[in-house]
**Student:** 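For reference, the structure I am asking about is given below.
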There are 2 protein chains.
Amino acid sequence: MKITYKGDYALKTILDLSLHFGEGPITINDLARRADIPIKFLEQILLDLKSAGFVESRRGKIGGYLLSRAPSEIKLGEVVRFIDGPIEPIACVDKSYKGCKDLSTCVFRNIWSKIRDSTSATIDSITFEDLARRAKESSAVVVYQI
Amino acid sequence: MKITYKGDYALKTILDLSLHFGEGPITINDLARRADIPIKFLEQILLDLKSAGFVESRRGKIGGYLLSRAPSEIKLGEVVRFIDGPIEPIACVDKSYKGCKDLSTCVFRNIWSKIRDSTSATIDSITFEDLARRAKESSAVVVYQI
DNA sequence: CTATACTCTACTATTATAATAGAGATTATA
DNA sequence: TATAATCTCTATTATAATAGTAGAGTATAG
């Protein structure tokens, strides 16, 4: 698994929308500014996230983006897989890989496969509700530390 | 972590050398043919592996490559890190990352960090002696199945 | 009607990946 | 000592992914 900038931006954006769930649409501009994401890049990412059903949009004057589902119904793993592709560390865990004469005797395959399963289990056990709660807690701590 | 073709080839080559440890040098040609690796690409990879001290070489007529250390002293993780870089799924686990205003409040960072630690633990617990044993076992099974 | 905001397609710059090419250096052995 | 086999080193290239940038178009609240 490799998280690209695109993936990183997508996750931060869904987290932001989760923190404001139920408060109406948020503009691309606000989302981009708050997470320090190039606005034109975020436009594309949001269109992707919309096509996958993670978010929906409102056009026009009081438009913006909002989550299509409750944060508790969106797993971290879903977003990661959608934006950055499969979790496995090497394509050979999948069938299409051409790099091995004999997959059945490849001792590495089992290892990559286990790493994939363990990573998947982690990111599929975390929802954006969890992440939003943690984000609130850690920002509370920061305020306290000041 | 992402295993590239280069990484995949390096691991297969070290495994081959582990399976023939103590039997004298093996030529690039043999290594390339047995693992189906482009020979000129493997030349470069072996020079890298040599510079890192994983293998040593003999030039001239009965030359070739051999392991610098016993297979039991080479961890899978060492080779992976050397060829394909750090294990973490995103650079933000490291300090140099510019994508976050405030790393301390980033809820994702902890998750990537845990995934990195768990992946590291897995690949650092496996040596090429282990892998060679497994490879012998699985090829034995294949023979039996015929 | 118009300002605000999303939509859509195309383009570009940079870097990584996966090689390929070829001349050079070393060594066993006939 | 000649030579064939083998490793060494540097340069070049093709393709794809990544990370944007650009700009014209569409929808809607007020």
Side-chain angles (χ1 to χ4, degrees), chain A residues 1-13 17 24-33 35-52 54-68 80 83-86 89-92 96-99, chain B residues 1-13 17 24-33 35-52 54-68 80 83-86 89-92 96-99:
Chain A
M1 176 175 63
K2 167 123 182 289
I3 308 292
T4 63
Y5 271 84
K6 185 176 179 184
D8 189 35
Y9 293 159
L11 297 176
K12 283 171 177 162
T13 300
L17 294 174
I26 299 175
T27 66
I28 297 179
N29 219 297
D30 284 351
L31 292 166
R33 187 176 32 73
D36 203 26
I37 302 170
I39 187 164
K40 295 297 282 181
F41 196 16
L42 184 56
E43 282 181 9
Q44 292 175 37
I45 295 168
L46 280 164
L47 289 173
D48 282 350
L49 291 173
K50 184 181 168 187
S51 78
F54 291 112
V55 301
E56 51 195 61
S57 62
R58 301 285 154 76
R59 294 172 84 152
K61 196 135 190 184
I62 56 164
Y65 278 91
L66 18 72
L67 292 183
S68 300
V80 170
I83 298 287
D84 282 330
I90 182 172
C92 83
S96 59
Y97 181 69
K98 301 282 184 198
Chain B
M1 177 176 61
K2 168 126 181 288
I3 309 291
T4 62
Y5 271 85
K6 186 177 178 185
D8 188 34
Y9 293 158
L11 297 177
K12 283 171 177 161
T13 299
L17 294 175
I26 299 176
T27 66
I28 297 179
N29 218 297
D30 283 351
L31 291 166
R33 188 176 31 74
D36 202 26
I37 300 171
I39 187 165
K40 295 298 281 181
F41 195 15
L42 184 56
E43 281 181 9
Q44 292 176 38
I45 295 168
L46 281 164
L47 288 173
D48 283 351
L49 291 173
K50 185 182 167 185
S51 78
F54 292 113
V55 301
E56 50 195 60
S57 61
R58 301 286 154 77
R59 292 171 85 152
K61 195 136 189 184
I62 57 163
Y65 278 91
L66 18 73
L67 292 182
S68 300
V80 169
I83 298 286
D84 283 329
I90 183 172
C92 81
S96 59
Y97 181 70
K98 302 280 183 197

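Each chain gets a letter, A, B and so on, in the order its sequence line appears, and its residues count up from 1.
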**Student:** Could you list, one pair per line, each protein nitrogen or oxygen that sits under 3.5 Å from a nitrogen or oxygen of nucleotides 17-20 of chain D, together with the distance?
**Tutor:**
from   : atom 1 : to     : atom 2 : distance (Å)
D/dA19 : OP1    : A/Tyr5 : N      : 3.4
D/dA19 : OP2    : A/Tyr5 : N      : 3.1
D/dG20 : OP2    : A/Tyr9 : OH     : 2.9

**Student:** Taking all heavy atoms of A/Ala10 and all of A/Ile45, pick out the closest pair and write down the distance.
**Tutor:** CB-CG2, 3.9 Å

**Student:** Strictly by salt bridge (Lys or Arg N to Asp or Glu O under 4.0 Å), give each pair with a member in residues 37-52 of chain B just once, sequence neighbours left out.
**Tutor:** B/Lys6-B/Asp48, B/Lys40-B/Glu43

**Student:** How long is the line joining CD1 of B/Ile39 and P of C/dA18, in whole Å?
**Tutor:** 19 Å

**Student:** Is any side-chain heavy atom of B/Val55 closer than 4.5 Å to a side-chain heavy atom of B/Thr13?
**Tutor:** no

**Student:** Out of the candidates A/Leu49, A/Leu47, A/Asn29, A/Leu31, only one should pair with A/Leu42 under the side chain to side chain contact (heavy atoms under 4.5 Å, CB included) rule; please name it.
**Tutor:** A/Leu31

**Student:** Using a cut-off of strictly less than 4.0 Å, decide whether A/Thr27 has a side-chain nitrogen or oxygen near OP1 or OP2 of C/dT4.
**Tutor:** no

**Student:** Where is the tightest heavy-atom contact between A/Ile3 and A/Asp8, given as atom of each residue plus distance?
**Tutor:** CG2-N, 3.8 Å

**Student:** Heavy atoms only: give me the nearest A/Pro25-A/Arg58 pair and the separation to one decimal.
**Tutor:** CG-CG, 4.2 Å

**Student:** For A/Tyr65 versus A/Leu17, what's the shortest heavy-atom pair and its separation?
**Tutor:** O-CD2, 3.5 Å

**Student:** Rounded to whole Å, please give me the gap between OH in A/Tyr65 and C1' in C/dA5.
**Tutor:** 10 Å

**Student:** Of the non-hydrogen atoms in B/Lys12 and B/Ala35, which two are nearest, and what is the gap between them?
**Tutor:** CB-CB, 4.3 Å

**Student:** On the nucleotide D/dT8, are OP1 or OP2 found under 4.0 Å from the side-chain N or O atoms that B/Lys50 carries?
**Tutor:** yes

**Student:** What is the separation between atom CG on B/Asp36 and atom C1' on C/dA18, rounded to the nearest whole Å?
**Tutor:** 14 Å

**Student:** Distance check, rounded to the nearest 0.5 Å: B/Ser51 atom OG versus B/Leu46 atom CG?
**Tutor:** 11.0 Å

**Student:** Base, sugar-phosphate or nothing for B/Ile28? Non-hydrogen atoms, less than 4.0 Å.
**Tutor:** sugar-phosphate

**Student:** Could you state the atom-to-atom distance from CD1 of B/Ile45 to C1' of D/dC9 in whole Å?
**Tutor:** 16 Å

**Student:** Expressed in angstrom and rounded to an integer, what is the separation of A/Asp48 atom CG from C/dC8 atom P?
**Tutor:** 11 Å

**Student:** How does each nucleotide of nucleotides 22-30 of chain C score, in 5' to 3' order, for protein heavy atoms under 4.0 Å: base (B), sugar-phosphate only (S), or none (-)?
**Tutor:** B-BBBBB--

